[in-house]
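Every chain is numbered from 1, with letters handed out A, B, ... down the list of sequences. Note that the structure is a prediction, hence the values are computed from the model and not measured.
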Amino acid sequence: MHIYRSHNCGELRKENAGLIVKLSGWIHSVRDHGGVIFIDLRDHYGLTQIVIDPKCDFYQELEKWRVETVVCFSGKVLGRTPETTNSKIPTGAIEVAAESMEILGEADIIPFQVAKEEQAPEAMRLKYRFLDLRRDRLHKNIILRSQVISEIRRKLMDMGFNEFQTPILTSSSPEGARDYLVPSRLHPGQFYALPQAPQQFKQLLMVAGFDRYFQIAPCFRDEDARADRSPGEFYQLDLEMSFVTQDDIFAVIEELFSYIFSKFAADKNVDSTPFVRIPYKEAMLKYGSDKPDLRNPLVIADVSSVFKESGFNAFASVVQKGGVVRAIKVPGIAGQPRKFYDDMIAFAQGCGAKGMAYIIWTGGEEKSPIAKFMKREELDSLKELGKISDGDVMFFLADKEKAVTEIAGQVRTELGNRLGLLDKNAFRFCWITDFPMFELDEETNKVIFSHNPFSMPQGGMDALLSKDPLEIYAYQYDIVCNGVELSSGAIRNHRPEVMYKAFEIAGYGQDTVDEKFGGMIRAFKLGAPPHGGIAPGVDRMVMLLAEEPNIREVIAFPFNQQAQDLMMNAPCEVTEKQLRELHIRIVQPKDKKDKAQEVKAEEVKA
RNA sequence: GGGGGCGUAGCUCAAUUGGUUAGAGUGCCACCCUGUCACGGUGGAUGUUGCGGGUUCGAGUCCCGUCGCUCCCGCCA
């Protein structure tokens with residue numbers, strides 16, 4: 001017999017009764033009856049009940065055992081009587097009568113319980129991540145992640161994609177997020193950068209003729225954390241295709257996502273393909289966001305024209321000064337108490353609104369703090385515009401367009417959450433398309449790239465030459481699921497002359513482009529196919545599928561919010577010798593330096 | 001860099017709103033218990049109330065500072 005096990009802890013059934021077996025695993029729980037002792041033995045595959053009779057020669061050793069000790073038991077599989085069967089676990093019809101026992105790994109007192117789903121402070125969970133990973137919830141999440149990635153690979157292979165690795169040590173690129181830098185030993189004063197994404201490499205693979213590429217790619221960005229953004233590193237399903245239009249890429253992702261989401265969220269309502277496409281401008285107007293949660297049925301509408309000549313001066317003057325008025329209709333909530341409206345107004349003000357008006361249509365008339373200032377025909381046109389029926393309510397916000405768009409978006413989300421309007425059982429996808437190629441820098445008032453400078457402008461060179469830059473759209477798109485931005489992508493600009501022109505509009509000369517993106521420009525001058533791609537965030541996909549509110553719950557060994565690994569103690573100081581070899585000298589920031597000196601001074605005193 | 005929330009036993013949380021010796025569950029330790037499966041029972045130990053200062057006759061509670069964790073803004077082509 002194998003020295004550790006003949007079976008795992010999840011596989012024995014009624015039919016196995018009578019077998020002599022050997023099981024290894026963790027002591028999940030102990031139920032000591034004074035005489036007979038029951039132990040639930042746990043491994044990756046499940047739980048099996050071990051029964052220990054007082055006559056066992058190792059019975060006395062029991063005292064030393066604690067939960068989470070790793071033990072190997074041999075014994076006979078016994079069928080349980082109907083009264084003693086445990087229907088909660090798959091192995092509940094049997095138990096193993098222990099005949100011999102060996103301790104494989106003792107456990108001290110554990111800092112938080114593994115067998116019970118009690119909460120524990122995040123810092124402690126991260127420090128003892130291996131313990132947390134033993135717990136059911138995290139263990140399942142990480143397995144789900146593994147299965148999702150494996151299905152993605154299989155599906156993409158079937159669709160004719162090839163997986164390639166790209167360098168982890170590469171060069172710093174000027175645009176985008178802050179880089180993680182790695183000092184070079186052989187080249188004093190020079191640095192590698194960890195890739196923020198394999199962007200240029202995947203485009204070069206297309207130039208190299210590989211046609212369809214993908215990679216589960218590690219990406220490194222030195223930016224601050226959010227609930228859905230792990231600092232340090234994360235994984236993208238990076239993919240790129242040659243000789244494609246935007247629609248070809250949408251079709252691939254739609255096929256992949258509907259397959260993956262249907263497979264791993266079978267109980268959920270997954271949008272059928274093709275997914276809804278919403279131009280960026282429309283998304284900003286209707287949802288106040290470029291990542292709208294379509295589970296929320298509320299929609300924002302522009303009602304500026306109604307208020308332009310209104311007797312309600314606060315709004316009329318905003319419109320006359322070039323601002324806008326936006327309305328959110330909420331059906332059938334006329335019965336809400338006064339406090340609800342006060343709370344919503346306070347929420348809007350918290351988002352930066354000067355105020356928020358509302359009209360309640362009830363009993364054939366308008367109840368509202370502002371109705372008395374408005375003309376009959378204004379109220380009627382609002383009613384018509386919003387297709388209002390009795391019991392409906394409209395909220396109004398007025399300000400400069402940019403401000404009111406964002407505030408209305410937040411109010412829409414808050415209304416949806418507070419009123420429970422979201423369909424919790426759905427995955428609602430949409431594409432956001434037609435992002436502007438350029439925008440005005442708010443501070444300098446100069447034209448800058450609004451997203452990815454490598455995107456192909458819609459209309460190509462003609463558009464760059466003839467149109468107002470701010471009117472040019474890019475072949476750039478996002479895919480959004482339930483309000484989570486899963487990915488950005490683009491049809492790339494593969495024509496050097498178009499790229500030079502685009503950079504020129506954004507204020508960069510040809511020499512700058514040659515210097516910063518020399519490798520790619522050189523490649524594009526030697527025969528580049530039209531190509532495009534996308535790079536959905538793997539962590540975020542798994543987070544949605546696992547219904548976790550926080551991305552750390554789907555990463556085996558995540559950083560904390562301060563980008564530290566509390567288990568491995570990273571980052572950490574290194575030796576003087578290492579620094580010398582790398583030609584690096586540390587200059588502490590002033591406040592840190594003072595603190596370090598204080599600590600030293602106290603150490604000297606002590 | 002900025003704003004909000006939290007910080008009391010190993011862990012989860014109480015503490016009558018400033019008033020006696022800071023409690024409970026769980027975990028831990030000891031003893032009892034031969035069919036449990038979150039086993040049960042009896043008893044016990046466990047606290048710089050994150051840290052520092054202040055107000056007060058009196059501070060877990062109020063004030064100031066600081067540290068830690070977290071959520072958000074900035075940032076994330």
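- Side-chain contact between Met568(A) and Arg129(A) is absent, with no heavy atoms from C-beta onward closer than 4.5 Å.
- Among the nucleotides G10(B), U36(B), C28(B), the one closest to the side chain of Glu95(A) is U36(B).
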Polar atoms only, N or O, under 3.5 Å: list the protein pairs with nucleotides 23-26 of chain B and their distances.
from   : atom 1 : to        : atom 2 : distance (Å)
U26(B) : O3'    : Lys116(A) : NZ     : 3.1

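- Residues Ile109(A) and Leu78(A) each lie close to RNA chain B; by heavy-atom proximity, the contact nearer the 5' end of the strand is made by Ile109(A).
- When the P atom of C29(B) is taken as reference, atom CG of Asp108(A) falls 11 Å away, rounded to whole Å.
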With B for base contact, S for sugar-phosphate-only contact and - for none (protein heavy atoms under 4.0 Å), nucleotides 68-77 of chain B reads -SBBSBBBBB
Parsed dot-bracket for RNA chain B after applying the Watson-Crick and G-U rules with both distances under 3.5 Å and | for other-strand partners is (((((((..((((.....[...)))).(((((.......))))).....(((((..]....))))))))))))....
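- Looking at residues two or more places apart in sequence or on another chain, you find a ring pair (Phe, Tyr, Trp, His ring centres under 6.0 Å) between Phe38(A) and His33(A).
- Ion pairing between Arg229(A) and Glu223(A) fails under the 4.0 Å rule for side-chain N and carboxylate O.
- Between the C1' atoms of A9(B) and C29(B), the separation comes to 15 Å (whole Å).
- The shortest distance between side-chain heavy atoms of Gln200(A) and Phe517(A) falls below 4.5 Å.
- Of the residues in residues 84-93 of chain A, those lying under 4.0 Å from RNA chain B by heavy-atom distance are Thr84(A), Thr85(A), Asn86(A), Lys88(A).
- Rounding to whole angstrom units, CG of residue Leu47(A) and P of U36(B) are separated by 18 Å.
- Glycosidic conformation of U17(B): syn, with the torsion inside 90° of 0.
- For Gln49(A), counting side-chain heavy atoms from C-beta on, the closest listed nucleotide (C37(B), U12(B), C29(B)) is C37(B).
- Within residues 27-42 of chain A, the residues that have a heavy atom under 4.0 Å from RNA chain B are, in order of number, Ser29(A), Arg31(A), Asp32(A), His33(A), Gly34(A), Gly35(A), Val36(A), Phe38(A), Asp40(A).
- Ring to ring, Phe435(A) and Tyr473(A) are not that close: their centroids are 6.0 angstrom or more apart.
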